[in-house]
Amino acid sequence: MFKKAGLTGLLLFGIFFGAGNLIFPPALGALSGDAFWSAISGFVLSGVGIAVLTLIIGALNPKGYVFEISEKISPLVAIIYLVVLYLAIGPFFAIPRTATAAYEVGIAPLLGDKTSQYLLPFTLIYFAAALLIALNPSKILDSVGRILTPLFAALILLLVVLGVYQYMDFPAANTAAEYLQSAFGSGFLEGYNTLDALASVAFSVIVVKTLRQLGFQNKRQYIITIWLVGIVVAAGFSLLYIGLALLGNHFPIPPEIMQSDINKGVYILSAATQAIFGHYAQWFLALMVSMTCFTTTVGLIVSCSEFFQERFPQLSYKHYALLFTLIGLAVANLGLNTIIRFSVPVLQLLYPITIVLVVLIIAHKFIPLAKLGMQLTALLVGLTALADVIAQHFALPLLSAGIKQLPFAELAMAWVAPGLLGLLCAMILPNRYRSTPFHLE
(Lines give C-alpha, C1' and ligand atoms only; values in the text may rest on other atoms or scores of the structure.)
Protein backbone atom coordinates (compact mmCIF):
# COMPACT_ATOMS: atom_id res chain seq x y z
CA MET A 1 0.00 0.00 0.00
CA PHE A 2 2.81 2.41 0.90
CA LYS A 3 4.51 1.91 -2.47
CA LYS A 4 1.23 2.43 -4.34
CA ALA A 5 0.48 5.55 -2.30
CA GLY A 6 3.97 6.93 -2.92
CA LEU A 7 3.79 6.37 -6.69
CA THR A 8 0.31 7.90 -6.94
CA GLY A 9 1.30 10.80 -4.68
CA LEU A 10 4.32 11.55 -6.88
CA LEU A 11 2.13 11.47 -10.00
CA LEU A 12 -0.38 13.88 -8.43
CA PHE A 13 2.38 16.17 -7.20
CA GLY A 14 3.55 16.42 -10.81
CA ILE A 15 0.03 17.11 -12.09
CA PHE A 16 -0.71 19.81 -9.51
CA PHE A 17 2.75 21.36 -9.55
CA GLY A 18 2.80 24.50 -11.69
CA ALA A 19 4.10 28.04 -11.67
CA GLY A 20 0.95 29.19 -9.88
CA ASN A 21 1.99 27.10 -6.88
CA LEU A 22 5.31 28.96 -6.89
CA ILE A 23 4.39 32.61 -7.26
CA PHE A 24 1.70 32.98 -4.60
CA PRO A 25 3.53 31.74 -1.44
CA PRO A 26 6.54 34.10 -1.75
CA ALA A 27 4.21 37.00 -2.55
CA LEU A 28 2.21 36.18 0.58
CA GLY A 29 5.43 36.04 2.59
CA ALA A 30 6.50 39.46 1.36
CA LEU A 31 3.12 41.14 1.97
CA SER A 32 2.23 39.51 5.30
CA GLY A 33 5.26 40.90 7.16
CA ASP A 34 5.06 40.25 10.90
CA ALA A 35 1.66 38.53 10.46
CA PHE A 36 3.39 35.74 8.53
CA TRP A 37 2.37 32.68 10.53
CA SER A 38 -1.30 33.61 10.65
CA ALA A 39 -1.30 34.31 6.92
CA ILE A 40 0.50 31.12 5.91
CA SER A 41 -1.83 29.09 8.15
CA GLY A 42 -4.84 30.37 6.21
CA PHE A 43 -3.05 29.76 2.92
CA VAL A 44 -2.13 26.16 3.76
CA LEU A 45 -5.66 25.45 5.00
CA SER A 46 -7.30 26.50 1.73
CA GLY A 47 -4.43 25.79 -0.68
CA VAL A 48 -3.51 22.38 0.74
CA GLY A 49 -6.01 21.13 3.32
CA ILE A 50 -9.21 21.76 1.37
CA ALA A 51 -7.59 20.75 -1.92
CA VAL A 52 -6.35 17.40 -0.57
CA LEU A 53 -9.64 16.67 1.22
CA THR A 54 -11.52 17.42 -2.02
CA LEU A 55 -9.20 15.04 -3.85
CA ILE A 56 -9.65 12.25 -1.28
CA ILE A 57 -13.45 12.53 -1.15
CA GLY A 58 -13.64 12.51 -4.95
CA ALA A 59 -11.43 9.44 -5.15
CA LEU A 60 -13.33 7.51 -2.47
CA ASN A 61 -16.27 7.13 -4.83
CA PRO A 62 -15.16 5.75 -8.22
CA LYS A 63 -18.28 7.31 -9.78
CA GLY A 64 -16.86 10.77 -9.04
CA TYR A 65 -18.30 14.16 -8.21
CA VAL A 66 -20.81 14.21 -11.03
CA PHE A 67 -22.63 11.29 -9.39
CA GLU A 68 -22.41 12.73 -5.86
CA ILE A 69 -23.65 16.20 -6.82
CA SER A 70 -26.41 14.79 -9.04
CA GLU A 71 -27.63 12.58 -6.19
CA LYS A 72 -27.52 15.25 -3.47
CA ILE A 73 -28.45 18.41 -5.37
CA SER A 74 -29.51 17.76 -8.99
CA PRO A 75 -28.04 16.56 -12.31
CA LEU A 76 -28.47 20.06 -13.81
CA VAL A 77 -26.55 21.70 -10.97
CA ALA A 78 -23.83 19.06 -11.32
CA ILE A 79 -23.36 19.85 -15.03
CA ILE A 80 -23.44 23.64 -14.55
CA TYR A 81 -20.98 23.49 -11.65
CA LEU A 82 -18.56 21.19 -13.49
CA VAL A 83 -18.72 23.25 -16.71
CA VAL A 84 -17.84 26.45 -14.83
CA LEU A 85 -15.14 24.61 -12.88
CA TYR A 86 -13.50 23.13 -16.00
CA LEU A 87 -13.59 26.52 -17.73
CA ALA A 88 -11.90 28.06 -14.67
CA ILE A 89 -9.14 25.45 -14.40
CA GLY A 90 -8.93 25.40 -18.18
CA PRO A 91 -8.99 28.07 -20.87
CA PHE A 92 -9.96 31.15 -18.87
CA PHE A 93 -7.58 31.04 -15.89
CA ALA A 94 -5.25 28.07 -15.34
CA ILE A 95 -4.19 27.38 -18.94
CA PRO A 96 -3.30 31.01 -19.80
CA ARG A 97 -1.72 31.50 -16.38
CA THR A 98 0.72 28.63 -16.91
CA ALA A 99 1.93 30.22 -20.16
CA THR A 100 2.18 33.74 -18.77
CA ALA A 101 3.86 32.60 -15.56
CA ALA A 102 6.39 30.57 -17.57
CA TYR A 103 7.20 33.70 -19.53
CA GLU A 104 7.41 36.13 -16.61
CA VAL A 105 9.31 33.81 -14.24
CA GLY A 106 11.65 32.17 -16.75
CA ILE A 107 11.88 34.00 -20.07
CA ALA A 108 11.36 37.73 -19.41
CA PRO A 109 14.36 38.05 -17.02
CA LEU A 110 16.62 36.56 -19.69
CA LEU A 111 15.40 39.03 -22.30
CA GLY A 112 15.41 42.01 -19.96
CA ASP A 113 11.77 42.46 -20.94
CA LYS A 114 9.92 44.61 -18.38
CA THR A 115 6.99 45.48 -20.64
CA SER A 116 6.04 41.98 -21.90
CA GLN A 117 6.74 43.01 -25.50
CA TYR A 118 7.81 39.46 -26.38
CA LEU A 119 4.88 37.77 -24.64
CA LEU A 120 2.83 37.37 -27.84
CA PRO A 121 5.51 35.59 -29.92
CA PHE A 122 6.38 33.39 -26.93
CA THR A 123 2.76 32.36 -26.34
CA LEU A 124 2.19 31.73 -30.07
CA ILE A 125 5.04 29.20 -30.09
CA TYR A 126 4.07 27.84 -26.65
CA PHE A 127 0.43 27.19 -27.48
CA ALA A 128 1.16 25.87 -30.98
CA ALA A 129 3.43 23.23 -29.45
CA ALA A 130 0.89 22.50 -26.68
CA LEU A 131 -1.91 21.99 -29.22
CA LEU A 132 0.27 19.74 -31.35
CA ILE A 133 0.89 17.39 -28.42
CA ALA A 134 -2.67 17.67 -27.05
CA LEU A 135 -4.03 16.50 -30.40
CA ASN A 136 -1.80 13.45 -30.21
CA PRO A 137 -1.23 12.74 -26.50
CA SER A 138 1.36 10.08 -25.85
CA LYS A 139 3.40 8.51 -23.07
CA ILE A 140 6.28 10.85 -23.91
CA LEU A 141 4.47 13.77 -22.26
CA ASP A 142 3.83 11.74 -19.12
CA SER A 143 7.48 10.64 -18.97
CA VAL A 144 8.75 14.19 -19.44
CA GLY A 145 6.44 15.41 -16.69
CA ARG A 146 7.54 12.68 -14.29
CA ILE A 147 11.21 13.46 -14.91
CA LEU A 148 11.04 17.26 -15.01
CA THR A 149 8.74 17.74 -12.04
CA PRO A 150 10.99 16.02 -9.44
CA LEU A 151 14.01 17.88 -10.88
CA PHE A 152 12.20 21.20 -10.72
CA ALA A 153 10.90 20.49 -7.22
CA ALA A 154 14.44 19.63 -6.10
CA LEU A 155 15.75 22.93 -7.54
CA ILE A 156 13.07 24.92 -5.76
CA LEU A 157 13.68 23.01 -2.52
CA LEU A 158 17.39 23.81 -2.79
CA LEU A 159 16.55 27.46 -3.49
CA VAL A 160 14.28 27.56 -0.43
CA VAL A 161 16.81 25.93 1.93
CA LEU A 162 19.70 28.13 0.80
CA GLY A 163 17.53 31.23 0.63
CA VAL A 164 16.03 30.84 4.09
CA TYR A 165 19.50 30.10 5.52
CA GLN A 166 21.02 33.15 3.81
CA TYR A 167 18.25 35.69 4.41
CA MET A 168 16.58 34.52 7.63
CA ASP A 169 18.23 37.30 9.65
CA PHE A 170 16.83 40.00 7.35
CA PRO A 171 13.76 41.75 8.82
CA ALA A 172 10.35 41.17 7.28
CA ALA A 173 8.83 43.95 5.17
CA ASN A 174 5.99 46.10 6.48
CA THR A 175 2.71 44.24 6.71
CA ALA A 176 0.30 45.14 3.89
CA ALA A 177 -3.05 46.66 4.82
CA GLU A 178 -5.14 43.60 3.98
CA TYR A 179 -2.96 41.41 6.21
CA LEU A 180 -3.11 43.92 9.06
CA GLN A 181 -6.90 43.73 8.91
CA SER A 182 -7.10 39.91 8.77
CA ALA A 183 -3.92 37.93 8.18
CA PHE A 184 -5.59 34.51 8.36
CA GLY A 185 -8.51 35.54 6.14
CA SER A 186 -6.25 37.15 3.54
CA GLY A 187 -4.03 34.06 3.50
CA PHE A 188 -7.11 31.83 3.19
CA LEU A 189 -8.33 33.82 0.17
CA GLU A 190 -4.83 33.81 -1.35
CA GLY A 191 -4.91 30.01 -1.22
CA TYR A 192 -7.86 30.11 -3.63
CA ASN A 193 -5.47 31.38 -6.33
CA THR A 194 -3.65 28.05 -6.49
CA LEU A 195 -6.85 26.61 -8.07
CA ASP A 196 -5.89 23.27 -6.51
CA ALA A 197 -9.18 22.57 -4.73
CA LEU A 198 -11.06 23.07 -8.00
CA ALA A 199 -8.52 21.01 -9.90
CA SER A 200 -8.92 18.26 -7.29
CA VAL A 201 -12.50 17.70 -8.44
CA ALA A 202 -11.20 16.90 -11.93
CA PHE A 203 -7.98 15.17 -10.87
CA SER A 204 -9.77 12.78 -8.51
CA VAL A 205 -10.77 10.89 -11.67
CA ILE A 206 -7.06 10.42 -12.44
CA VAL A 207 -6.49 9.04 -8.93
CA VAL A 208 -9.24 6.47 -9.41
CA LYS A 209 -7.87 5.37 -12.80
CA THR A 210 -4.30 5.15 -11.48
CA LEU A 211 -5.25 3.15 -8.38
CA ARG A 212 -7.40 0.77 -10.44
CA GLN A 213 -4.36 0.00 -12.61
CA LEU A 214 -2.33 -0.79 -9.48
CA GLY A 215 -5.00 -3.21 -8.25
CA PHE A 216 -6.43 -3.83 -4.76
CA GLN A 217 -7.58 -6.88 -2.86
CA ASN A 218 -10.47 -5.17 -1.07
CA LYS A 219 -12.17 -1.84 -0.38
CA ARG A 220 -10.37 -1.32 2.94
CA GLN A 221 -6.97 -1.44 1.23
CA TYR A 222 -8.21 0.99 -1.43
CA ILE A 223 -9.47 3.50 1.16
CA ILE A 224 -6.28 3.36 3.27
CA THR A 225 -4.17 3.93 0.16
CA ILE A 226 -6.22 6.99 -0.84
CA TRP A 227 -5.69 8.55 2.60
CA LEU A 228 -1.96 7.78 2.38
CA VAL A 229 -1.87 9.48 -1.03
CA GLY A 230 -3.51 12.53 0.54
CA ILE A 231 -0.91 12.63 3.33
CA VAL A 232 1.96 12.44 0.81
CA VAL A 233 0.56 15.27 -1.32
CA ALA A 234 -0.37 17.42 1.71
CA ALA A 235 3.05 17.05 3.34
CA GLY A 236 4.92 17.85 0.12
CA PHE A 237 2.94 20.96 -0.70
CA SER A 238 2.82 22.26 2.89
CA LEU A 239 6.61 22.11 3.24
CA LEU A 240 7.09 23.74 -0.15
CA TYR A 241 4.57 26.52 0.51
CA ILE A 242 5.93 27.37 3.96
CA GLY A 243 9.50 27.39 2.68
CA LEU A 244 8.71 29.62 -0.30
CA ALA A 245 6.67 31.95 1.90
CA LEU A 246 9.53 32.20 4.44
CA LEU A 247 11.90 33.08 1.61
CA GLY A 248 9.52 35.82 0.46
CA ASN A 249 9.09 37.04 4.03
CA HIS A 250 12.81 37.69 4.52
CA PHE A 251 14.20 38.28 1.03
CA PRO A 252 15.22 41.97 0.70
CA ILE A 253 12.87 43.61 -1.82
CA PRO A 254 13.54 47.22 -2.93
CA PRO A 255 10.82 49.67 -1.78
CA GLU A 256 10.04 50.64 -5.38
CA ILE A 257 9.23 47.00 -6.17
CA MET A 258 6.99 46.68 -3.09
CA GLN A 259 5.09 49.82 -4.11
CA SER A 260 4.74 48.85 -7.78
CA ASP A 261 2.22 46.50 -9.40
CA ILE A 262 5.00 44.04 -10.31
CA ASN A 263 4.08 40.53 -9.24
CA LYS A 264 6.03 40.04 -6.02
CA GLY A 265 6.21 36.26 -6.30
CA VAL A 266 7.72 36.41 -9.79
CA TYR A 267 10.26 39.01 -8.67
CA ILE A 268 11.34 37.02 -5.59
CA LEU A 269 11.78 33.75 -7.50
CA SER A 270 13.87 35.34 -10.23
CA ALA A 271 15.92 37.66 -7.99
CA ALA A 272 16.58 34.99 -5.36
CA THR A 273 17.66 32.45 -7.99
CA GLN A 274 20.17 34.90 -9.48
CA ALA A 275 21.40 36.09 -6.08
CA ILE A 276 22.00 32.57 -4.75
CA PHE A 277 23.08 30.62 -7.84
CA GLY A 278 24.36 33.38 -10.14
CA HIS A 279 23.04 34.96 -13.33
CA TYR A 280 23.39 31.81 -15.46
CA ALA A 281 21.10 29.90 -13.10
CA GLN A 282 18.26 31.91 -14.63
CA TRP A 283 18.67 29.81 -17.80
CA PHE A 284 18.12 26.64 -15.83
CA LEU A 285 15.14 28.17 -14.02
CA ALA A 286 13.70 29.32 -17.35
CA LEU A 287 13.96 25.85 -18.84
CA MET A 288 12.47 24.11 -15.82
CA VAL A 289 9.59 26.57 -15.30
CA SER A 290 8.72 26.55 -18.99
CA MET A 291 8.74 22.76 -19.30
CA THR A 292 6.84 22.17 -16.07
CA CYS A 293 4.20 24.72 -17.04
CA PHE A 294 4.09 23.28 -20.55
CA THR A 295 3.24 19.77 -19.38
CA THR A 296 0.53 21.24 -17.13
CA THR A 297 -0.88 23.24 -20.04
CA VAL A 298 -1.10 20.17 -22.28
CA GLY A 299 -2.66 18.12 -19.48
CA LEU A 300 -5.33 20.78 -18.88
CA ILE A 301 -6.15 21.10 -22.59
CA VAL A 302 -6.54 17.32 -22.83
CA SER A 303 -8.66 16.95 -19.66
CA CYS A 304 -10.95 19.89 -20.46
CA SER A 305 -11.42 18.75 -24.07
CA GLU A 306 -12.22 15.20 -22.97
CA PHE A 307 -14.79 16.45 -20.42
CA PHE A 308 -16.60 18.71 -22.89
CA GLN A 309 -16.51 16.15 -25.69
CA GLU A 310 -18.05 13.58 -23.35
CA ARG A 311 -20.75 15.92 -22.03
CA PHE A 312 -21.39 17.91 -25.22
CA PRO A 313 -20.50 15.66 -28.17
CA GLN A 314 -21.71 18.20 -30.75
CA LEU A 315 -18.04 19.09 -31.23
CA SER A 316 -15.18 16.65 -31.57
CA TYR A 317 -12.25 16.37 -29.17
CA LYS A 318 -9.95 18.11 -31.68
CA HIS A 319 -12.36 21.03 -32.10
CA TYR A 320 -12.52 21.53 -28.32
CA ALA A 321 -8.72 21.30 -28.04
CA LEU A 322 -8.32 23.96 -30.73
CA LEU A 323 -10.99 26.20 -29.16
CA PHE A 324 -9.51 26.02 -25.65
CA THR A 325 -6.00 26.60 -26.99
CA LEU A 326 -7.10 29.75 -28.84
CA ILE A 327 -8.96 31.07 -25.79
CA GLY A 328 -5.93 30.34 -23.61
CA LEU A 329 -3.67 32.18 -26.08
CA ALA A 330 -5.91 35.25 -26.09
CA VAL A 331 -6.28 35.41 -22.31
CA ALA A 332 -2.56 34.78 -21.70
CA ASN A 333 -1.69 37.99 -23.53
CA LEU A 334 -3.65 40.04 -21.02
CA GLY A 335 -0.71 39.53 -18.63
CA LEU A 336 -0.28 37.60 -15.39
CA ASN A 337 -1.59 40.27 -13.00
CA THR A 338 -4.68 40.85 -15.15
CA ILE A 339 -5.48 37.12 -15.26
CA ILE A 340 -5.13 36.88 -11.47
CA ARG A 341 -7.29 39.99 -10.94
CA PHE A 342 -10.11 38.67 -13.14
CA SER A 343 -9.96 35.20 -11.59
CA VAL A 344 -10.36 36.38 -7.98
CA PRO A 345 -14.17 36.98 -7.96
CA VAL A 346 -14.84 33.70 -9.79
CA LEU A 347 -12.69 31.78 -7.31
CA GLN A 348 -14.33 33.49 -4.35
CA LEU A 349 -17.64 32.14 -5.65
CA LEU A 350 -16.51 28.66 -6.71
CA TYR A 351 -14.43 27.79 -3.65
CA PRO A 352 -17.20 28.09 -0.99
CA ILE A 353 -19.52 26.02 -3.19
CA THR A 354 -16.82 23.37 -3.64
CA ILE A 355 -16.11 23.28 0.09
CA VAL A 356 -19.77 22.89 1.06
CA LEU A 357 -20.27 20.13 -1.52
CA VAL A 358 -17.35 18.22 0.01
CA VAL A 359 -18.77 18.74 3.51
CA LEU A 360 -22.19 17.49 2.40
CA ILE A 361 -20.67 14.40 0.79
CA ILE A 362 -18.74 13.60 3.99
CA ALA A 363 -21.66 14.29 6.34
CA HIS A 364 -24.06 12.25 4.21
CA LYS A 365 -21.85 9.17 4.60
CA PHE A 366 -22.37 9.25 8.39
CA ILE A 367 -25.76 10.86 9.08
CA PRO A 368 -29.11 10.79 7.24
CA LEU A 369 -29.81 14.07 5.42
CA ALA A 370 -32.82 15.37 3.50
CA LYS A 371 -32.21 16.18 -0.15
CA LEU A 372 -34.20 19.42 0.19
CA GLY A 373 -31.93 20.43 3.06
CA MET A 374 -28.78 19.69 1.05
CA GLN A 375 -30.15 21.75 -1.84
CA LEU A 376 -30.90 24.58 0.60
CA THR A 377 -27.37 24.39 2.01
CA ALA A 378 -25.78 24.72 -1.44
CA LEU A 379 -28.17 27.55 -2.31
CA LEU A 380 -27.48 29.54 0.89
CA VAL A 381 -23.72 29.19 0.52
CA GLY A 382 -23.83 30.11 -3.17
CA LEU A 383 -26.01 33.20 -2.57
CA THR A 384 -23.86 34.37 0.36
CA ALA A 385 -20.64 33.91 -1.61
CA LEU A 386 -22.18 35.75 -4.58
CA ALA A 387 -23.34 38.62 -2.35
CA ASP A 388 -19.87 38.83 -0.80
CA VAL A 389 -18.21 38.97 -4.23
CA ILE A 390 -20.62 41.67 -5.44
CA ALA A 391 -20.10 43.71 -2.26
CA GLN A 392 -16.31 43.53 -2.54
CA HIS A 393 -15.88 44.18 -6.24
CA PHE A 394 -18.67 46.66 -6.91
CA ALA A 395 -18.22 48.90 -3.85
CA LEU A 396 -21.69 48.44 -2.32
CA PRO A 397 -21.21 49.62 1.29
CA LEU A 398 -24.68 48.63 2.52
CA LEU A 399 -24.37 45.07 1.25
CA SER A 400 -20.78 44.91 2.50
CA ALA A 401 -21.88 46.04 5.98
CA GLY A 402 -24.55 43.32 6.02
CA ILE A 403 -22.05 40.63 5.04
CA LYS A 404 -19.68 41.75 7.80
CA GLN A 405 -22.38 41.08 10.39
CA LEU A 406 -22.23 37.37 9.64
CA PRO A 407 -20.04 35.15 11.84
CA PHE A 408 -16.56 34.40 10.46
CA ALA A 409 -16.81 37.27 7.95
CA GLU A 410 -13.54 38.71 9.29
CA LEU A 411 -11.89 35.43 8.28
CA ALA A 412 -13.25 35.72 4.71
CA MET A 413 -15.71 32.90 5.45
CA ALA A 414 -19.06 34.67 5.73
CA TRP A 415 -20.66 31.70 3.95
CA VAL A 416 -19.94 29.33 6.87
CA ALA A 417 -22.92 30.35 9.05
CA PRO A 418 -25.52 30.07 6.23
CA GLY A 419 -23.97 26.73 5.33
CA LEU A 420 -24.31 25.44 8.89
CA LEU A 421 -27.93 26.65 8.97
CA GLY A 422 -28.67 24.73 5.77
CA LEU A 423 -26.93 21.62 7.12
CA LEU A 424 -29.05 21.81 10.28
CA CYS A 425 -32.19 21.95 8.11
CA ALA A 426 -30.95 18.91 6.18
CA MET A 427 -30.64 17.04 9.50
CA ILE A 428 -34.20 17.79 10.68
CA LEU A 429 -36.31 17.97 7.51
CA PRO A 430 -38.35 14.88 6.58
CA ASN A 431 -37.37 12.23 4.00
CA ARG A 432 -33.85 11.92 5.32
CA TYR A 433 -31.64 9.13 4.01
CA ARG A 434 -28.01 8.07 4.21
CA SER A 435 -25.76 7.99 1.16
CA THR A 436 -25.10 4.48 -0.11
CA PRO A 437 -21.52 3.25 0.20
CA PHE A 438 -19.54 2.80 -2.98
CA HIS A 439 -18.47 -0.56 -4.36
CA LEU A 440 -15.24 -1.37 -6.11
CA GLU A 441 -15.92 -2.48 -9.67
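None of these values were measured; they are calculated from a predicted model. Reckoned from all heavy atoms, side chains included, excluding hydrogens, waters and symmetry mates.
The shortest distance between side-chain heavy atoms of Leu158 and Ile156 does not fall below 4.5 Å. Counting heavy atoms from C-beta on, the side chains of Tyr65 and Val358 come closer than 4.5 Å. The shortest side-chain heavy-atom distance between Leu31 and Met258 falls under the 4.5 Å cut-off. Contact of the Glu68 side chain with the Ile361 side chain is registered, since non-hydrogen atoms from C-beta on lie closer than 4.5 Å. Side-chain contact check for Tyr351 versus Leu189: every heavy-atom pair is 4.5 Å or farther apart. Two residues are said to be in side-chain contact when any heavy atoms from C-beta on lie closer than 4.5 Å; Leu244 and Ile268 fail this criterion. Residues Leu336 and Ile340 have side chains in contact (heavy-atom distance under 4.5 Å, counting atoms from C-beta outward). Proximity of Leu28 to Tyr179: side-chain heavy atoms (C-beta onward) are separated by under 4.5 Å at one or more points.
Although no hydrogens or angles enter the test, the distance criterion places no donor-acceptor pair under 3.5 Å between the side chain of Ser305 and the main chain of Val302. With Thr377 contributing its side chain and Leu423 its backbone, the two residues share a donor-acceptor pair below 3.5 Å. With Ser32 contributing its side chain and Ala35 its backbone, the two residues share no donor-acceptor pair below 3.5 Å. Checked by atom type and distance alone, the side chain of Ser186 pairs as donor or acceptor with a backbone atom of Glu178 at under 3.5 Å. Put simply, the side chain of Arg434 gets close to the backbone of Phe366: a donor and an acceptor are under 3.5 Å apart. The backbone N or O of Ile262 lies less than 3.5 Å from a partner atom in the side chain of Lys264, making a donor-acceptor pair.
The line from CD1 of Ile253 to CZ of Phe170 is 12.0 Å long, rounded to the nearest 0.5 Å. Distance check, rounded to the nearest 0.5 Å: NZ of Lys371 to OG of Ser74 gives 7.0 Å. If you take CG on Leu195 and OG on Ser200, they are separated by 10.5 Å, rounding to the nearest 0.5 Å. The line from CG of Leu247 to CG of Leu159 is 5.5 Å long, rounded to the nearest 0.5 Å. To the nearest 0.5 Å, atoms CD1 (Ile89) and OG (Ser343) are separated by 13.5 Å. Here the CG-CD distance, from Leu269 to Gln282, works out to 9.5 Å after rounding to the nearest 0.5 Å.
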Take Asp388 and Ile390, measure what side chain to side chain contact (heavy atoms under 4.5 Å, CB included) needs, and give me the verdict at the end. CA-CA 5 Å; Asp388 197 7; Ile390 292 172; over 6 Å; no
Check against side chain to side chain contact (heavy atoms under 4.5 Å, CB included), Ile40 and Val44: CA-CA 6 Å; Ile40 194 63; Val44 170; 4.1 Å; yes
Can you list the steps and then say if Val389 with Val344 is a side chain to side chain contact (heavy atoms under 4.5 Å, CB included)? CA-CA 9 Å; Val389 168; Val344 166; over 6 Å; no
Checking side chain to side chain contact (heavy atoms under 4.5 Å, CB included) for the pair Val105/Leu22: CA distance, chi angles, key distance, verdict? CA-CA 10 Å; Val105 174; Leu22 292 174; 5.9 Å; no
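Between Glu104 and Arg97, no side-chain nitrogen of the basic residue sits less than 4.0 Å from a carboxylate oxygen of the acidic one, so the salt-bridge criterion is not met.
Partners of Thr354 by side chain to side chain contact (heavy atoms under 4.5 Å, CB included), not counting sequence neighbours, listed by chain and number: Thr54, Tyr81, Leu198, Val201. For Phe342, the ring-ring contact (aromatic ring centres under 6.0 Å, His included) test picks out no residue, with sequence neighbours left out. Leu180 meets the side chain to side chain contact (heavy atoms under 4.5 Å, CB included) test with Thr175; sequence neighbours excluded. Residues forming a side-chain hydrogen bond (donor to acceptor under 3.5 Å, both in side chains) with Asn337 (at least two apart in sequence, or on another chain): Asn263. Listed by chain and number, the residues in a ring-ring contact (aromatic ring centres under 6.0 Å, His included) with Phe324 are Phe308, Tyr320 (sequence neighbours excluded). In this view, Gln181 satisfies the side-chain hydrogen bond (donor to acceptor under 3.5 Å, both in side chains) rule with no residue, not counting sequence neighbours. Taking the side-chain hydrogen bond (donor to acceptor under 3.5 Å, both in side chains) definition, one finds that Tyr126 meets it with Thr297, sequence neighbours left out. With sequence neighbours excluded, the residues satisfying side-chain hydrogen bond (donor to acceptor under 3.5 Å, both in side chains) with Gln348 are His393. Checked against ring-ring contact (aromatic ring centres under 6.0 Å, His included), Phe251 has the following partners two or more places apart in sequence or in another chain: Tyr167.
Across Val381, Val77, Ile69, a single residue satisfies side-chain contact (heavy atoms from CB on, under 4.5 Å) together with Leu357, and that is Ile69.
Nearest heavy-atom pair, Ser303 versus Leu300, reported as atom, atom and distance to 0.1 Å: OG-O, 3.2 Å. Pairing each heavy atom of Gln166 with each of Ile276, the nearest pair is OE1-CG1, 4.0 Å. Shown here for Leu315 and His319, the closest heavy-atom pair between the two residues is CB-CB, 4.2 Å. For the pair Met374 and Ala426, the tightest heavy-atom approach, listed with the atom from each and the gap, is N-CB, 3.8 Å. For Pro75 against Ser70, the heavy-atom pair with the smallest separation is CA-OG, 3.5 Å. Taking all atoms of both residues into account, the shortest heavy-atom contact from Ala378 to Ile73 is CB-CD1, 4.0 Å.
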Hey, can you pull the donor-acceptor pairs under 3.5 Å for the side chains in residues 325-333, sequence neighbours left out?
from: Thr325; atom 1: OG1; to: Ala321; atom 2: O; distance (Å): 2.7
from: Asn333; atom 1: OD1; to: Leu120; atom 2: N; distance (Å): 3.3
from: Asn333; atom 1: ND2; to: Thr123; atom 2: OG1; distance (Å): 3.1
from: Asn333; atom 1: ND2; to: Leu329; atom 2: O; distance (Å): 2.8

Expected list for residues 395-419: side-chain donor-acceptor pairs under 3.5 angstrom, two or more places apart:
none

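The side-chain hydrogen bond (donor to acceptor under 3.5 Å, both in side chains) contacts involving residues 226-252 comprise Asn21-Tyr241, Asp196-Tyr241, where partners must be two or more places apart or lie in separate chains.
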